[in-house]
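Notes for the one structure printed next.
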Amino acid sequence: FLSRILSMMPEEKIGLIINEFGQTSVDGAILRETSGMPIAEINNGQVFCGCVSGNFVDSISEFFKLPIRHLIVETSGMANPVNIKTVLEAVRMQTSEAWEYKGMICVVDPTTVADLAEVVNAVREQIAKSDYLIINKMDLMDPVELVEVEGVLDELNSHAPRLKTSFGEISSGELLDFLNRTPAALENVPLKVESDFRRPLNYRIRSLQPASRAALETLVSTLMADSLRIKGYARLEDGQVYLVNGASRVLEMIPSAREESGVDLVLITARGDLEDTIRSCWQTHLASPVEVEEKGREYWD
C-alpha cells in the first residue's frame, strides 16, 4: 500500500518515518531499495509509547528542516495512537515550521481484525482514530466474513470512508480525496477491552548459516500458529536472499537484493514466552546454531 502511494507521487518531495516494533529493519530496508527517499527508522517499540515517543517527536522535527512537502509515518501494527494529540502538540512546541496534520489511514486485515479487536486495545484505537479505513485482502474474503468485518468497523468508527482493496491497490483519486479531507477522528475514544490478553513480545531469530527452502518454510509455517507476524530475511542454500513475510497463516518469500549471510527474522507474538518453542522448532527443522533474543517486556512495564 505504501509503495503504491509513493509510486503515484513521483515528483513530490516526501520523507518517511518507518516504525518497527521489532529489532530488525524490514520495511525500512525494502523502501530503501526502491524509493530513494529520506527515511528515518524507529525500532524496538511503537512510536506512541513512552519508550520511543521522544525519538518520534525529534524525528518529525528534524524532517521539517528538509525541503519536503509530505511526511509519511508508517507505524508498527502494534502502535496504539491513544496519545496522538499529545505527540502532535509536542511537535508544534518543538518546531516553528508551518505544517498540517492530514490524518491517519488504517489498513485493515479482514482475516484477523474481528478476533484482534476483541482483545487488543491498540487495534481498536487504530481503527477509531483513522480518517480512512482500507479493507485489504478482499481476494481472501467471502460475503459472510465481510459482513462480520464491517460490523466491527461500524462499532469502532462508522464515519470514516472505507475502501476495499487487494494488495493495497488504490487510485490516485482516492488518495487525493484523503489528502483533501479535514481530519476528524482525533477525538474518537473507543471503549477499552478487558481481557487476559498478553501484551506482545518480539523475538529476533538469527543464524549465520543459509537454510534450505523446505526447512525454512516448514519452520515459519509452524511458528505462525503462535504468531501475529513473522518477517525478515533469509539466505537459502542456493545463495539467493529472500524477504520472508508471514501473516494470517499466509507465507510469502520474495527474492531480495539485500546482503545476508544466513537467517534474520523477527517474530511477534501475544502468546507469552515462546523462546523454548522457537529453539525446539529450529532444531527440529534446521538443526544449525541459532540465536534467539526476546524484546518487548520493557515496553509495557
Side-chain angles (χ1 to χ4, degrees), residues 1-2 5 15-22 27-28 40-61 63 70-95 99-110 112-136 152-163 168 178-179 181-195 197 199-200 202 228-229 268 270 296 299-300:
F1 171 70
L2 182 53
I5 289 177
L16 300 171
I17 296 178
I18 306 297
N19 175 213
E20 295 272 17
F21 182 76
D27 296 343
E41 295 184 58
I42 301 176
N43 300 337
N44 283 327
Q46 54 97 357
V47 289
F48 300 108
C49 77
C51 57
V52 297
S53 60
N55 292 339
F56 183 35
V57 171
D58 291 342
S59 294
I60 295 174
S61 300
F63 266 104
H70 305 280
L71 176 60
I72 298 175
V73 180
E74 193 232 354
T75 69
S76 162
M78 294 290 100
N80 187 340
V82 62
N83 67 336
I84 186 172
K85 280 189 68 177
T86 302
V87 168
L88 294 175
E89 288 165 0
V91 173
R92 289 203 185 278
M93 293 179 63
Q94 191 162 308
T95 180
W99 56 273
E100 180 182 16
Y101 172 67
K102 298 305 298 183
M104 183 160 65
I105 299 172
C106 183
V107 182
V108 175
D109 181 345
T112 60
V113 68
D115 292 333
L116 291 177
E118 291 184 357
V119 292
V120 187
N121 284 320
V123 172
R124 299 171 70 85
E125 292 280 358
Q126 286 182 28
I127 294 170
K129 294 189 180 299
S130 289
D131 298 277
Y132 249 87
L133 302 175
I134 296 180
I135 305 175
N136 195 40
V152 172
L153 301 184
D154 286 341
E155 174 194 350
L156 296 170
N157 189 341
S158 61
H159 303 295
R162 296 175 196 171
L163 305 177
F178 168 75
L179 293 175
R181 290 175 61 84
T182 299
L186 279 175
E187 306 299 332
N188 289 356
V189 180
L191 293 175
K192 301 294 183 185
V193 295
E194 298 295 335
S195 73
F197 181 79
R199 285 171 163 174
N202 79 78
L228 297 171
R229 183 78 184 278
I268 300 173
Y299 307 154
W300 312 116

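These numbers come from the heavy atoms of this one structure, side chains and all, not from hydrogens, waters or symmetry mates.
- The shortest heavy-atom contact between L153 and R162 is C-NH2, 3.3 Å.
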Carefully, step by step, assess V87 and V57 under the rule side-chain contact (heavy atoms from CB on, under 4.5 Å). CA-CA 7 Å; V87 168; V57 171; 4.1 Å; yes

Please walk me through it: do V91 and Y101 pass side-chain contact (heavy atoms from CB on, under 4.5 Å)? CA-CA 11 Å; V91 173; Y101 172 67; over 6 Å; no

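- Rounded to the nearest 0.5 angstrom, L116 CG and N121 CG are separated by 12.0 Å.
- In this structure, E41 CD and I17 CD1 are separated by 11.5 Å, a value rounded to the nearest 0.5 Å.
- Atom-to-atom distance recorded for L179:CG and K102:NZ is 6.5 Å, nearest 0.5 angstrom.
- D131 places a side-chain N or O within 3.5 Å of a backbone atom of A184 that can act as its donor or acceptor partner.
- The two atoms that bring A160 and S130 nearest to each other are CB-O, 3.7 Å, heavy atoms only.
- Distance check: Q126 CD to M104 CE gives 7.0 Å after rounding to the nearest 0.5 Å.
- The side chain to side chain donor-acceptor pair (under 3.5 Å) check on Q94 picks up D58, S61, with sequence neighbours excluded.
- Closest approach of A185 to A128, counting heavy atoms only: CB-O, 3.6 Å.
- When side chains are defined from C-beta on, W99 does not count as touching I60, because their heavy atoms never get closer than 4.5 Å.
- Across K129 and I84, no two heavy atoms sit closer than the pair CD-CG2, 4.1 Å.
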Candidate pair V123 and V113, rule side-chain contact (heavy atoms from CB on, under 4.5 Å), full reasoning: CA-CA 8 Å; V123 172; V113 68; 4.3 Å; yes

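- A donor-acceptor pair under 3.5 Å is absent between the side-chain atoms of N188 and the main chain of N157, judged by distance alone.
- When every heavy atom of Y132 is checked against every heavy atom of R181, the shortest pair comes out as CE1-CD, 3.4 Å.
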Kindly determine whether N136 and F1 satisfy side-chain contact (heavy atoms from CB on, under 4.5 Å), including the steps that lead there. CA-CA 9 Å; N136 195 40; F1 171 70; over 6 Å; no

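- Separating the CD1 atom in I134 from the CZ atom in F178 is a distance of 9.0 Å, to the nearest 0.5 Å.
- Between the side chain of E74 and the backbone N or O of L16, no donor-acceptor pair lies under 3.5 Å.
- For the pair P81 and A122, the tightest heavy-atom approach, listed with the atom from each and the gap, is CD-O, 4.4 Å.
- Taken from CZ in F63 to CD1 in I72, the straight-line distance is 10.5 Å, to the nearest 0.5 Å.
- Using a 4.5 Å heavy-atom threshold, the side chains of V73 and N19 count as separate.
- Applying side chain to side chain contact (heavy atoms under 4.5 Å, CB included) to C106 and the options I135, L133, L156 leaves one that passes, L133.
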